[in-house]
4 protein chains.
Amino acid sequence: MEVNENQSIEQIILETAERLFLEKGYESTSTTKIAREVGCNQALIHYYFRTKENLFNRIFEDKFRMLFQQLFSTENLSHLSFTEKIRHIAQTHFELLEKNPRIPLLILNELSRQPEQLKSLREKLHAYPEKAFKELNGDLQQEIAAGKIRNCSLPDIIVTMISLNVALFLMMPVVEQLLMFDKNQKKALIQHRKEENINFLLAGLRP
Amino acid sequence: MEVNENQSIEQIILETAERLFLEKGYESTSTTKIAREVGCNQALIHYYFRTKENLFNRIFEDKFRMLFQQLFSTENLSHLSFTEKIRHIAQTHFELLEKNPRIPLLILNELSRQPEQLKSLREKLHAYPEKAFKELNGDLQQEIAAGKIRNCSLPDIIVTMISLNVALFLMMPVVEQLLMFDKNQKKALIQHRKEENINFLLAGLRP
Amino acid sequence: MEVNENQSIEQIILETAERLFLEKGYESTSTTKIAREVGCNQALIHYYFRTKENLFNRIFEDKFRMLFQQLFSTENLSHLSFTEKIRHIAQTHFELLEKNPRIPLLILNELSRQPEQLKSLREKLHAYPEKAFKELNGDLQQEIAAGKIRNCSLPDIIVTMISLNVALFLMMPVVEQLLMFDKNQKKALIQHRKEENINFLLAGLRP
Amino acid sequence: MEVNENQSIEQIILETAERLFLEKGYESTSTTKIAREVGCNQALIHYYFRTKENLFNRIFEDKFRMLFQQLFSTENLSHLSFTEKIRHIAQTHFELLEKNPRIPLLILNELSRQPEQLKSLREKLHAYPEKAFKELNGDLQQEIAAGKIRNCSLPDIIVTMISLNVALFLMMPVVEQLLMFDKNQKKALIQHRKEENINFLLAGLRP
DNA sequence: TATGAATGAGCCTTCATTCAT
DNA sequence: AATGAATGAAGGCTCATTCAT
């Protein structure tokens, strides 16, 4: 990928398309609209990406990977207690969503639009962070054995964490409109729920 | 075109459209496709509902109402403790979603497609279960005062409950495909999470 | 044609259709709209008139006949001078248009839409007022011979009269909007032109 | 699709559309029909002009401007007497209509179809020939004062002129069919009325 | 590399008309 | 006499894609 000045045109298309796909979804984003916003010819989109589907998938897979792979970051957390590790992971996850609040909806929609896509994604996601998972699980079993945490599985903890975080951003637009929130109220709610999600998650672990 | 004993063509269109809208969303469901599945002329769709938007809204408002109004059912739970009430509500909510697993995604999408609709929905939902809410909140404050529940607000409890339940069904298609679940595994997971959601919710309330 | 109370439904359809056709023209008036304004079923229009074209023609021929046959009314004008007769005819014609200002445009449009229709109209208009025409022409020749009127043909006089009168009502909507007339100004202009048309017509006859 | 030496496809579409709009009017001319006659895909019409309305307006405004702005040509007629000037203007106007006989009907129809258009047209026609008008009016007042012309206003003279000329071409299709004229007879009639219109106009001015 | 031109397929919608009742 | 249901055809328009340049 060549870079002219700061951004190659290909990159501009990718970013514009990403924004539009996130705003309006796949169906409601036409290549015409992308081209108009990029300020280029409609045919150029197809010159670079052959099809709209291609363009979308390239963006989509990036986002999907980002959302799933960063779940167990490569950071070294080994100096922390299990509870502290979970708190840290949950916080990081929340902040990732805070920066990308519309991606979950995009992913859910696209996977219901063409479920076959998951097959190829599954293969590409092979870099599963098995090591980090094992370490965490070891910690957890110790805590349970020590009676410091109630008996529950690591996957359940993770699902609960993801559910709480993701659901907040998925439902935020509805809540926002339903309660007629302004930007500040919205921000405040998000910060409040950031704490409350962790509260519930950790409180729910106690024996 | 023959009409089934119990079902008028209008009803068949409604049901077919509902299924397709839930499967593919608004944009990806064409009136042509609906007509093809119903087995009638495309013009008939417009004969009964004038516009695609009309047809959709008729379905959508029903679903939306169902999901929100049954949140606090009118059942009398006053003989139960606060914790038992929450457990019951969470279970009922979960079972409602179990029967309508695709509706949350539909709602999230539609409200971002045409946010103005929320205005009219807000008015139509005036039958807000204020009484039930107040009773619950009274119970909660007593429990907190008695030191039986940690200090947290009723809205936070409800948001947590909804998040856990809704997120499960929103993410289920992804999980299902990602982990290559068959129907039984899926069922088992749902039942397991049904309990686990309640576990986390109630465990998270303890002081 | 049966009459219920004051008006048969057939009559109501005819009158409603007439109004709509005059307002919007043939193409822009749908049987749906007619039915809606009549307050009846769409199929009823076709029950009575078989096709939209039929309904239109029935109205159209009436209007066409009215506009052309009343040109030489059956009134006895023989006690008047030629000039007085022309004045009377021109006035009558003008007043006919005043009451039916949109009919000329309807006729012009329809005859350019389906010119074949004129064939059948020509036959139906056989009741051409030959006698009145001959009498007028006799008068005219006498006046010319007596040097009281310049040498010109009766058809030319009639065409001039029709042109002046018809053109006024055809162009009135444009003039009205272009000069931003209100109703009173419009009325005043029409009355003024009524005189002026006759002025020009009669002044143009002088030798 | 091949492009003629001198004519771009866009130009061909414009000319074909103009012909069809003039023949059948706006409503009865479909973009499909235009495309068929042009020999291109229907989508191409929309590629060049986006909407049918756009295409029409582009043609319409040209025609409208042509018909109204050339009314008082910029030619220098100051060496002529008032009567001669009027004769010249009337002739020019007549000849303009002779070359564009169907435009008046188009204009009348369109302005009743969407009267708001007049607003924008009025602004675009600002180049109103005020100077020519004032000069003519000065001449007229002198002639009236000198007793050479009867007391009448310039607008009345102009309206009479336009009425006579326009009405002829508006009514010609009716006359043509009603009297079963062939082309020669039609031509002869037009030439005859060209003189006769001027005769009536000028004769009508005499005191 | 980049684009203007062109197209086939599909979209939602409206229409006049028919038919069984 | 009157109507609800149903339909084929056509309308304007948008879309993703292709191709020659």
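Values reported hereafter were calculated over all heavy atoms of this structure, with side chains retained and with hydrogens, waters and symmetry mates removed. Predicted model, so just to flag it, every value in this text is computed and none were measured. Quick note on labels: first sequence line is chain A, next is B, and so on, each numbered from 1.
- Between D:Phe60 and D:Leu111, some side-chain heavy-atom pair lies under the 4.5 Å cut-off.
- Taking only side-chain nitrogens and oxygens, C:Tyr48 never comes nearer than 4.0 Å to OP1 or OP2 of F:dA1.
- Here B:Tyr47 does not reach the OP1 or OP2 of F:dT7: none of its side-chain N or O atoms lies under 4.0 Å away.
- Stem regions annotated for DNA chain E: E:2-21 with F:2-21, counting only runs of 3 or more consecutive pairs of Watson-Crick or G-U type with both contacts under 3.5 Å.
- Protein atom CG of C:Leu20 is 12 Å distant from nucleotide atom P of E:dC15, rounded to whole Å.
- Judged as a ring pair (Phe, Tyr, Trp, His ring centres under 6.0 Å), and not counting sequence neighbours, the contacts of A:Tyr26 are A:Phe21, A:Phe56.
- Using a cutoff of 4.0 Å between basic side-chain nitrogens and carboxylate oxygens, B:Arg113 and B:Glu53 are scored as salt-bridged.
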Any protein N or O atoms within reach of nucleotides 15-17 of chain F? Criterion: under 3.5 Å, listing atom names and distances.
unit_1 : atom_1 : unit_2  : atom_2 : d
F:dA16 : OP1    : A:Lys52 : NZ     : 2.8
F:dA16 : OP2    : A:Thr31 : N      : 2.8
F:dA16 : OP2    : A:Thr31 : OG1    : 2.9
F:dA16 : N7     : A:Gln42 : NE2    : 3.2
F:dT17 : OP2    : A:His46 : NE2    : 3.0
F:dT17 : OP2    : A:Lys52 : N      : 2.7

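- Between the P atom of E:dC15 and the CD1 atom of C:Ile34 lies a distance of 11 Å, rounded to the nearest Å.
- Scanning for salt bridge (Lys or Arg N to Asp or Glu O under 4.0 Å) contacts around C:Lys52 gives an empty result, with sequence neighbours left out.
- In summary, D:Lys63 and D:Glu110 do not engage in a salt bridge, as defined by a charged side-chain N under 4.0 Å from a carboxylate O.
- Put simply, D:Asn41 has a side-chain N or O that comes within less than 4.0 Å of OP1 or OP2 on E:dG8.
- Listed by chain and residue number, nothing satisfies the side-chain hydrogen bond (donor to acceptor under 3.5 Å, both in side chains) test with D:Thr51 (two or more places apart in sequence, or in another chain).
- Closest to the side chain of D:Leu44, from the set E:dA2, E:dT7, F:dT3, is E:dT7.
- Here the P atom of nucleotide F:dA5 and the CD1 atom of B:Ile45 are 14 Å apart, to the nearest Å.
- At least one side-chain heavy atom of B:Ile103 sits less than 4.5 Å from a side-chain heavy atom of B:Met66.
- Atom P of nucleotide F:dA5 and atom CD1 of B:Ile13 are separated by 11 Å, given to the nearest angstrom.
- In this view, A:Arg19 and A:Glu23, A:Glu37 satisfy the salt bridge (Lys or Arg N to Asp or Glu O under 4.0 Å) rule, not counting sequence neighbours.
- Taking OG1 from C:Thr31 and CG from C:Leu55, the interatomic distance works out to 9.0 Å, rounded to the nearest 0.5 Å.
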